[in-house]
There are 2 protein chains.
Amino acid sequence: MQATKRSIIDAANILFYQQGYDHTSFSRIADEIHISRGNFYHHFKSKDEILEAVLQVRMSHTCEMLNGWEKESDNALDCIRRFIQILDVNFDKIQSYGCPVGTLCTELGKLNHNAQEEANQVFVLFLDWLKKQFILLGHEKEAEHLAMHLLARSQGVATLAHAFQDRDFVMYEIQEMFDWLDNINEEE
Amino acid sequence: MQATKRSIIDAANILFYQQGYDHTSFSRIADEIHISRGNFYHHFKSKDEILEAVLQVRMSHTCEMLNGWEKESDNALDCIRRFIQILDVNFDKIQSYGCPVGTLCTELGKLNHNAQEEANQVFVLFLDWLKKQFILLGHEKEAEHLAMHLLARSQGVATLAHAFQDRDFVMYEIQEMFDWLDNINEEE
DNA sequence: GTCTATACCTGGATAGAC
DNA sequence: GTCTATCCAGGTATAGAC
């Protein structure tokens, strides 16, 4: 892929996160990477097409991250802990811009945008991965529920972290999720 | 207050919720209540001023709702259950547009909008009210944490409900929150 | 108090020179 | 492949008639 196309996607990826999709203009992206506005249309047919490309990048980045967590973890329990800890690891960004997945899905939902379904697929990647970990822990039957539950909790924490910029709250909730995780694995 | 000003605020309140603040234009509001675009500036100096008015309305509506819950409930436990149940009661809207409080705070945060702090105050109303209920239940020390925790959980559920339009998930999570509520009140 | 007309800007998108 | 110039729609905001 051409360097310019690549840099458009990367800049758009960041700006869509920081400012929202709708609010991010071609001018803003162009300023960022020092190209002219007209140049976009050599690489993309429309703004929507840039969004598509950004979503593909996010999908593959997410896959890589999830695979990486599995490789670096000793077991499924550690994997799930890694997931929970992104709230701490990425706190600065979350505090400033919220969760990149959740906020985009929410925005596209309100815009009634075609790509909402595709944006949701990033959520689905996390859900399937979490479900897999819960199954490995022996929770075949409840795996789906547990995955949704944990994703919802992390989304809620990210939302309030963004609103209130409160790191203590985030650390407290991470501990709560750790405790919850221990509890569901003790019961047997 | 004049009827027109009132209707502008009401229409803006709904549209800001359904489409987002930034994405809602004067034309869209004008169409809704059948006035001309120029008419806005007799009642408001700017779009930001409409947002201010909408936030004030939301603040007072929220206060009324919370007071109403207290009056209609037998005790603090019922009050908190009422809070949890808005996810069910308002499911249709949440499914379509997310939580009105959370999504606005998130949007204004990304826009770096001055009114973000004011929008957060609606969250604070819920938090203070929940805190009060937890104190009434005898959780003086943890009341703050419990309030933030429950608000975060409901935010997370709303986010995923909006993304996936899944009522079963919402009902399951409501039950989980009820169970959690029972648990923290058993331990003594 | 409400309207029409309009100013001015910025958005996405196109055409064509280089 | 990148640029400049330009188009058109739509945004907020203003002026002034009624």
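Chain naming here is simple, since letters A, B, ... match the order of the sequence lines and numbering starts at 1 in each. Nothing here was measured: the structure is a model prediction, and the numbers come from that model.
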K.L.:
Given atom CZ of B:Arg6 and atom C1' of C:dG1, what is their separation to the nearest angstrom?
P.N.:
18 Å
K.L.:
Looking at residues at least two apart in the chain, or sitting in another chain, which of them share a ring-ring contact (aromatic ring centres under 6.0 Å, His included) with A:His43?
P.N.:
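In terms of ring-ring contact (aromatic ring centres under 6.0 Å, His included), with neighbours along the sequence ignored, A:His43 is linked to no residue.
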K.L.:
Of the non-hydrogen atoms in A:Glu32 and A:Arg28, which two are nearest, and what is the gap between them?
P.N.:
OE1-NH1, 2.6 Å
K.L.:
Return the residues of residues 13-21 of chain B meeting this criterion: a heavy atom under 4.0 Å from some atom of DNA chain D. Order them by number, or give none.
P.N.:
none
K.L.:
Testing A:His149, A:Lys131, A:His139 one by one against A:Glu144 for a side chain to side chain donor-acceptor pair (under 3.5 Å), which residue passes?
P.N.:
A:Lys131
K.L.:
Kindly give the heavy-atom pair with the smallest separation between B:Tyr97 and B:Thr103, and that separation in Å.
P.N.:
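Shortest heavy-atom separation between B:Tyr97 and B:Thr103 comes out as O-CG2, 3.8 Å.
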K.L.:
Begin from the C-alpha positions of A:Phe126 and A:Ser154 and carry the test side chain to side chain contact (heavy atoms under 4.5 Å, CB included) through to its verdict.
P.N.:
CA-CA 11 Å; A:Phe126 280 101; A:Ser154 73; over 6 Å; no
K.L.:
Can you measure B:Ile8 atom CD1 to C:dG1 atom P for me and round it to whole angstrom units?
P.N.:
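That distance rounds to 12 Å.
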K.L.:
Are B:Arg81 and B:Asp78 within salt-bridge range, i.e. N to O under 4.0 Å?
P.N.:
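Yes, this pair counts.
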K.L.:
Run through DNA chain C and report every stem of 3 or more consecutive Watson-Crick or G-U pairs, distances under 3.5 Å, ordered by first number.
P.N.:
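Looking at DNA chain C, the stems formed by three or more consecutive pairs are C:1-18 with D:1-18.
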K.L.:
Tell me which pairs pass salt bridge (Lys or Arg N to Asp or Glu O under 4.0 Å) where either residue lies in residues 60-72 of chain B, with sequence neighbours left out.
P.N.:
B:Glu70-B:Lys132, B:Glu72-B:Arg82
K.L.:
Take nucleotides 11-18 of chain D nucleotide by nucleotide from the 5' end and write B, S or -, depending on whether a protein heavy atom sits under 4.0 Å from the base, only from the sugar-phosphate, or from neither.
P.N.:
SBBB----
K.L.:
Which pairs with one or both residues in residues 151-167 of chain B pass salt bridge (Lys or Arg N to Asp or Glu O under 4.0 Å), sequence neighbours excluded?
P.N.:
B:Asp88-B:Arg167
K.L.:
If I compare all heavy atoms of A:Gln95 with all of A:His162, which pair ends up nearest, and what's the gap?
P.N.:
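Answer, listing the atom of A:Gln95 first, then A:His162: O-CD2, 3.3 Å.
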K.L.:
Does either side chain, that of A:Asp48 or that of A:His113, offer a donor lying less than 3.5 Å from an acceptor on the other one?
P.N.:
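Yes, side-chain donor-acceptor contact under 3.5 Å.
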K.L.:
Whole angstroms only, please: what is the CG-P distance between A:Asp31 and C:dG12?
P.N.:
12 Å
K.L.:
Given C:dG1, D:dG1, C:dT4, which nucleotide is nearest the side-chain atoms of A:Thr4?
P.N.:
D:dG1
K.L.:
Tell me the interatomic distance from A:Lys5, atom NZ, to D:dT2, atom P, rounded to whole angstroms.
P.N.:
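To the nearest whole Å, that distance equals 12 Å.
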K.L.:
Please test A:Thr62 against A:Met59 for side chain to side chain contact (heavy atoms under 4.5 Å, CB included), starting from the C-alpha separation and ending with a verdict.
P.N.:
CA-CA 5 Å; A:Thr62 303; A:Met59 287 287 282; 5.9 Å; no
K.L.:
Would you tell me if any nitrogen or oxygen in the side chain of A:His42 comes within less than 4.0 Å of OP1 or OP2 on D:dG1?
P.N.:
yes
